[in-house]
Amino acid sequence: MPTITVNHVSKYYFAEKKKLFRKRGRYEVGLNDVNISVKQGEFVFIIGSSGSGKSTLMKLISGQMAPDYGSVEINGKDLSKLKKRSLQRLPLLVGYVAQQNVLNSRMVIEENLRQSAKIGCRIFGDQPPCEDRIRKVLGLTGLSGVEKKYPGELMAGERRRAELARALINSPPVLVLDEVTANLDADSMWDVYLLLHEINRLGTTVIMSTHNSNYVNMLRRRVITLVDGHVYSDNIKGRYGEVRKRAYSRSGMIL
């Protein structure tokens, strides 16, 4: 199981000209000198207000983008320095669910999952067969019977679970989830949290950004709070908004 290390990572975005009080050539801070270490099997909540850097951190950890400074490493390997062939294998190591819907609306759910399953099939062969993996992961996420349905035919909660199934299809040891429960009703949200709890109990590392304080407070897992692109606090068995209790230092040591 991999250890994830974020070493002095900074990421900047070019400021849009139309924004007020922004001069041409200035940059907006996504993350600034962030240091985080996540051990195998941890369940970590990333919290913070909109614009604090949560989505940027999720994309960096999942290899969707590279930092401007610093490095993101999995088991000591810098993701930004991986060769193209190794990057293609990254979904086998890190399952990623973006904040936006990424399912192809012109494909039924089965076809959407098969597209992701092909990565594992190319590398490890068809063992177990892709069709068996599709049925298994849909059953795990409570979506048995939706194989022939299009994403538009599913409810919002079902679509998010289908995206989670897509991330799980290759049995990655790490899940990176960006607001996976956003805009879901309470029942659908709780179903997703119970599923993630069980997946984590079986050994999968879960890193999840969220605004939902109720479930963060109920689950009492590690909570990292971002403020303006910085790590403001890092608490074991934390609560939403709790600051500097049993915090981690930048080196990853418990204070």
Side-chain angles (χ1 to χ4, degrees), residues 2-16 27-38 42-104 112 115-116 119 159-160 162-170 172-183 192 196 204-212 222-232 234:
T3 296
I4 299 165
T5 309
V6 178
N7 295 312
H8 296 285
V9 162
S10 297
K11 183 68 180 179
Y12 305 108
Y13 299 99
F14 190 74
E16 296 179 18
Y27 289 82
E28 296 175 339
V29 175
L31 293 175
N32 190 19
D33 197 25
V34 168
N35 293 275
I36 295 170
S37 180
V38 179
E42 280 197 87
F43 193 125
V44 182
F45 284 114
I46 307 295
I47 67 172
S49 60
S50 296
S52 62
K54 299 190 303 298
S55 291
T56 298
L57 181 60
M58 298 292 99
K59 290 176 181 177
L60 289 167
I61 293 175
S62 60
Q64 304 298 309
M65 64 167 57
D68 293 321
Y69 300 97
S71 64
V72 178
E73 299 177 358
I74 297 183
N75 278 352
K77 294 184 178 180
D78 189 341
L79 297 186
S80 65
K81 295 181 180 178
L82 292 179
K83 295 181 180 179
K84 184 177 181 180
R85 185 175 180 181
S86 297
L87 282 174
Q88 290 174 343
R89 298 186 179 192
L90 197 56
L92 302 178
L93 189 61
V94 182
Y96 174 62
V97 178
Q99 190 169 354
Q100 297 79 21
N101 181 16
V102 295
L103 295 174
N104 190 326
N112 270 281
Q115 287 288 319
S116 297
I119 299 171
R159 284 195 297 273
R160 291 306 272 170
E163 291 173 346
L164 184 56
R166 182 176 179 270
L168 288 168
I169 193 70
N170 291 304
V174 178
L175 276 180
V176 178
L177 312 172
D178 191 2
E179 296 285 358
V180 70
T181 59
N183 302 317
V192 170
L196 294 175
T204 301
T205 302
V206 178
I207 304 173
M208 177 181 182
S209 68
T210 184
H211 283 292
N212 195 297
R222 180 180 171 188
V223 178
I224 297 174
T225 304
L226 296 181
V227 176
D228 295 332
H230 297 270
V231 174
Y232 188 65
D234 188 344

Decide yes or no for [X] and [Y]: does some side-chain heavy atom of the first lie under 4.5 Å from some side-chain heavy atom of the second?
X	Y	value
Leu60	Met65	yes
Lys81	Ser71	no
Ile224	Ile47	no
Asn35	Val231	no
Leu31	Leu226	yes
Arg160	Val192	no
Tyr96	Leu90	no
Ile61	Ile36	no

Checking Lys54 now: which residues fulfil salt bridge (charged side-chain N to carboxylate O under 4.0 Å, His left out) with it, not counting sequence neighbours?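 Result, salt bridge (charged side-chain N to carboxylate O under 4.0 Å, His left out) vs Lys54: none returned.
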
Residues passing the salt bridge (charged side-chain N to carboxylate O under 4.0 Å, His left out) test with Asp228, sequence neighbours excluded, are none

Taking all heavy atoms of [X] and all of [Y], pick out the closest pair and write down the distance.
X	Y	answer
Ser116	Asn170	O-ND2, 3.1 Å
Gly30	Thr56	CA-OG1, 4.3 Å
Asp33	His8	OD1-ND1, 2.8 Å
Gln99	Ser55	OE1-OG, 3.0 Å
Leu177	Met58	O-SD, 3.7 Å
Leu175	Pro172	CD2-CG, 4.5 Å

Just verifying a value: how many Å separate Ile207 CD1 and Phe45 CZ, rounded to the nearest 0.5 Å?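 Nearest 0.5 Å value for the CD1-CZ distance: 12.5 Å.
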
With sequence neighbours excluded, residues passing side-chain hydrogen bond (donor to acceptor under 3.5 Å, both in side chains) with [X]:
X	value
Asn112	none
Ser52	none
Asn101	none

Does [X] reach the main-chain N or O of [Y] with its side chain, forming a donor-acceptor pair under 3.5 Å?
X	Y	value
Ser37	Thr5	no
Arg222	Val44	no
Asn7	Gly70	no
Thr210	Asn212	yes

Glu163 and Arg166: CA distance, side-chain angles, deciding distance, salt bridge (charged side-chain N to carboxylate O under 4.0 Å, His left out) verdict: CA-CA 5 Å; Glu163 291 173 346; Arg166 182 176 179 270; over 6 Å; no

Listed once per pair and sorted, the side-chain hydrogen bond (donor to acceptor under 3.5 Å, both in side chains) pairs that draw on residues 59-69, sequence neighbours left out: none

Show your working on side chain to side chain contact (heavy atoms under 4.5 Å, CB included) between Asn75 and Thr3 and close with a plain yes or no. CA-CA 5 Å; Asn75 278 352; Thr3 296; 4.2 Å; yes

Stepwise side chain to side chain contact (heavy atoms under 4.5 Å, CB included) test for Asn104 and Gln115: CA-CA 10 Å; Asn104 190 326; Gln115 287 288 319; over 6 Å; no

Working note: Val97 + Val176, criterion side chain to side chain contact (heavy atoms under 4.5 Å, CB included); need CA distance, chi angles, decisive distance, verdict. CA-CA 6 Å; Val97 178; Val176 178; over 6 Å; no

Under the side chain to side chain contact (heavy atoms under 4.5 Å, CB included) criterion, do Glu42 and Ile4 qualify, and how do the steps go? CA-CA 10 Å; Glu42 280 197 87; Ile4 299 165; over 6 Å; no

